[in-house]
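Just the heavy atoms: all of them, side chains too, but no hydrogens, waters or symmetry mates, feed the values below.
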Amino acid sequence: MNFTSTRLPYRQTGAFNRIVLDYIDQAETARPFYQHPPSVQGLQQAIASRKQFATNRSVLVEQLEKQYTAVAAEEAVAKNILSLLSENTFTITTAHQNNLFTGPLYFIYKIIHVIKLADQLNGLLPDQHFVPVYYIGSEDADLEELNHAWIGGDKLTWDTKQTGAVGRMVIDKALTKLIDKAEGQLAVLPHGKEIITLLKASYKEGKTIQDATFHFVHRLFASFGLVVILPDNASLKQQMIPVFEDDLLHQTASGIVEQAADKLEQAGYKVQAHPREINLFYLQEDRRERIEAAGDSFVVVNTDIRFTNEELLATLHTHPERFSPNVILRGLYQETILPNIAFIGGGGETAYWLQLKDLFTHYKVPFPVLVLRNSFLLVEKKWQAATAKLGFSTDDIFLPEQELLNLLVTKQSKNEMKLNGSLTELEKLYELFRQQAGAIDTTLMQHVEALKTKTVHRLQELEKKMLRA
C-alpha cells in the first residue's frame, strides 16, 4: 500500500489548546508551567533530575516480573524489565485507559510514539538505556467512554451491568460476541484474521478487562520491547501512602493545583482539570467512589461506608490498593513508581499536566518532559480525489466547516459573493459625510460614525445571506 504524507503545523489544525501550542513554541507565557523543554537537552536535564530521586527499582522489577508470568515470554521485554534495576535505565511512558479492543486509533499512536522515542534516545545517548512503557489506566470507572469501539462505521458496544473500575470488570458472553461480529468486517482485510485471532486469545470469558488489554497490547508490541504496567497493585501503591495520607488529612494537592489554575487563568489560559478537596477514590470489588471528609470522619460517596480518621489511615496502610488516585494525583503516582523522564500524551493530557508542576515540586518528585503525541489523519484516495475536485487542498480540510462552505460558494458561484469593494466605497462615502458634518458641528461626527457602524453591520449580514443563498 502506497502512502504520501503532508506535514501541517499544529497551530494550523485548530485542534489544540493555546497553552499546548505555546508550550511547543516555548512561549514565555507558558514557561512557569513546565520543568524541562521538549528537546534532547530537556531530556538530558530530566535524566539529571531523575538521578537525584530514589526510585524503588527492585519493587518495580519484582512486580513487573510477577505480572508478566501471565503472558508468553518475550526476550526483548524481559531484558528491558531486568534493565530497570540499573541506575542508568530510564523510561519513556504513555498512559491510556483500557478502552474496548484499544478503542480510538490514537491509543496505538501513543504506544508507537514511546517505542520510537525510546529507540531514538538509545541511539543518541548510548551511556543510558531507555525503555518504552505503556501505563494502563485500568482504574477509570467511566464505562460509557470505554465500552465501545468503531469498526467500518459501526459502533460495537459492550452492554454490561457491572460497575466500578472498568479494568476490574469481567469479560462475559456479550463481549465475546462483539468479537464474532467484528470478524465479519475485519477478516477480509489485510492482517484482519491475525487481529481477530489475537482478540479471541486476549479477550476470553472470565478474564478482566485490564488483563485482556495487557495481553493484547503485549502481543502487538512485545517484539519492540514495550513494557506494559498495571498500576492497580498493592506493592506499587504502598509507595504513595505518605502522599495519599497527606491528601486525606490536609488536602494539600487541592490548594497547590488551585493556585496553579489561578496562574494559568491570569496568563490567559483555559484550566483543563479542577482538583477536589480529596483526590482519591475508594476502590473495592465493584465500586470506585469518591472519598469525602465529613466532620471528624470520612464517607465513601454513594455507599454507607464510613471511617474515622484512625480507621481510614489503618485501611490505607493495610490495603493501599483500595485507594485510587484521580487525574490530579495519577501522574504523581506514575512518576513515583517509574524512573521516568518523558511522558507522551495528547493535547488534553498535556494541558492538564501543565497544571501539575508545582504539585511535583512540593512532593519532590521529578517532573517529566511533556511530549505531545504524534497525530495523524488518514485520508483515503477517494477522499483525496473528492477534495481536489472541489478545489481544496489537504491543508484546507482543517478549516472550520462554515469557512469551508464559504470558500466553496466563492469558488463555484458565478456571482460575486463578497461586498469588500462595496464596503470600501461605503467607508469613503461616510468619511466625506463625517467631514461635512464636522465642519458644521463637531458633535455630529460621532453620530455619523454610529450610522456608518450600523450600516456596515447590516451589509455584512446581507453578505452572509448571499453566501447562504
Side-chain angles (χ1 to χ4, degrees), residues 63-74 77 95-105 107-108 110-111 134-223 226-234 236 281-289 321-322 324:
Q63 294 306 309
L64 284 171
E65 288 181 336
K66 182 178 177 181
Q67 176 190 310
Y68 270 86
T69 59
V71 294
E74 184 76 33
V77 176
H96 203 82
Q97 305 100 310
N98 36 209
N99 293 67
L100 186 66
F101 310 148
T102 75
L105 195 54
F107 181 111
I108 301 297
K110 291 163 81 170
I111 291 175
Y134 163 51
Y135 175 112
I136 297 184
S138 58
E139 295 174 16
D140 193 316
D142 190 349
L143 180 62
E144 288 188 8
E145 184 183 351
L146 309 182
N147 71 346
H148 60 274
W150 290 87
I151 298 178
D154 291 335
K155 186 179 182 180
L156 303 180
T157 302
W158 178 36
D159 291 318
T160 178
K161 301 295 185 183
Q162 296 179 66
T163 58
V166 176
R168 292 187 174 190
M169 292 181 183
V170 177
I171 295 167
D172 55 18
K173 282 186 172 62
L175 194 151
T176 56
K177 283 181 180 177
L178 294 178
I179 301 175
D180 295 333
K181 188 175 180 180
E183 185 170 9
Q185 296 185 63
L186 292 181
V188 296
L189 299 175
H191 305 291
K193 290 181 179 179
E194 294 173 61
I195 293 171
I196 290 297
T197 299
L198 280 181
L199 286 172
K200 287 181 176 180
S202 303
Y203 291 82
K204 289 182 175 179
E205 194 173 343
K207 287 177 69 171
T208 63
I209 293 293
Q210 71 169 0
D211 288 341
T213 305
F214 165 50
H215 187 277
F216 188 59
V217 173
H218 172 70
R219 292 287 297 273
L220 287 175
F221 296 105
S223 62
L226 178 76
V227 173
V228 180
I229 185 167
L230 297 173
D232 188 358
N233 179 297
L236 295 176
F281 292 88
Y282 193 69
L283 181 66
Q284 189 177 19
E285 297 170 350
D286 61 349
R287 62 168 64 96
R288 184 184 187 244
E289 299 286 356
E321 72 279 5
R322 294 183 185 176
S324 176

Quiz item: Name the one of Q67, Q63, K66, E321 that satisfies side chain to side chain donor-acceptor pair (under 3.5 Å) with N233?
Solution: Q63
Self-check item: Evaluation steps, side chain to side chain contact (heavy atoms under 4.5 Å, CB included), between I136 and V217
Solution: CA-CA 10 Å; I136 297 184; V217 173; over 6 Å; no
For [X], what residues pass the ring pair (Phe, Tyr, Trp, His ring centres under 6.0 Å) criterion, not counting sequence neighbours?
| X | value |
| --- | --- |
| F216 | none |
| Y203 | F101 |
| H218 | Y68 |

Hey, could you give me the [atom1]/[atom2] distance between [X] and [Y], rounded to the nearest 0.5 Å?
| X | Y | atom1 | atom2 | result |
| --- | --- | --- | --- | --- |
| I209 | L146 | CD1 | CG | 9.5 Å |
| R219 | L199 | CZ | CG | 11.0 Å |
| L236 | L64 | CG | CG | 7.5 Å |
| Q210 | D232 | CD | CG | 5.0 Å |
| R288 | L283 | CZ | CG | 7.0 Å |
| N147 | L156 | CG | CG | 11.0 Å |

Self-check item: Partners meeting side chain to side chain donor-acceptor pair (under 3.5 Å) with H215 (sequence neighbours left out)
Solution: S202
Self-check item: Contacts of type side chain to side chain donor-acceptor pair (under 3.5 Å), residue K110, not counting sequence neighbours
Solution: H96, E349
Quiz item: A165 and S138: which non-hydrogen atoms are nearest, and at how many Å?
Solution: CB-O, 3.8 Å
Quiz item: Of all heavy-atom pairs between A212 and I171, which one has the smallest distance, and what is that distance?
Solution: CB-CD1, 3.6 Å
Quiz prompt | side chain to side chain contact (heavy atoms under 4.5 Å, CB included) involving D172 - partner list, sequence neighbours excluded | solution = W158, T160, Q162, A174, L175
Quiz prompt | For D211, all residues meeting side chain to side chain contact (heavy atoms under 4.5 Å, CB included), sequence neighbours excluded | solution = K207, T208, L230
Quiz prompt | salt bridge (charged side-chain N to carboxylate O under 4.0 Å, His left out) against E205, all qualifying residues, sequence neighbours excluded | solution = K173
Quiz item: Under the salt bridge (charged side-chain N to carboxylate O under 4.0 Å, His left out) test, which residues partner E289, sequence neighbours left out?
Solution: none
Exercise. Verify, without hydrogens or angle tests, whether T163 (side chain) and D286 (backbone) share a donor-acceptor contact under 3.5 angstrom.
Key: yes
Quiz item: Any side-chain heavy atom of V77 within less than 4.5 Å of one from V71?
Solution: no
Quiz prompt | Pairs meeting criterion salt bridge (Lys or Arg N to Asp or Glu O under 4.0 Å) with involvement of residues 139-167, two or more places apart | solution = E139-K237
Practice problem: Please say which of L220, V228, L226, T102 ends up in a side chain to side chain contact (heavy atoms under 4.5 Å, CB included) with I111. | Solution: L226
Name every donor-acceptor pair, under 3.5 Å, that has one atom in a side chain of residues 188-196 and the other anywhere in the protein, sequence neighbours excluded.
residue : atom : partner : partner atom : Å
H191    : ND1  : E194    : OE2          : 2.8

Self-check item: Pair listing, side-chain hydrogen bond (donor to acceptor under 3.5 Å, both in side chains) test, anchored in residues 174-183, at least two apart
Solution: E183-K200
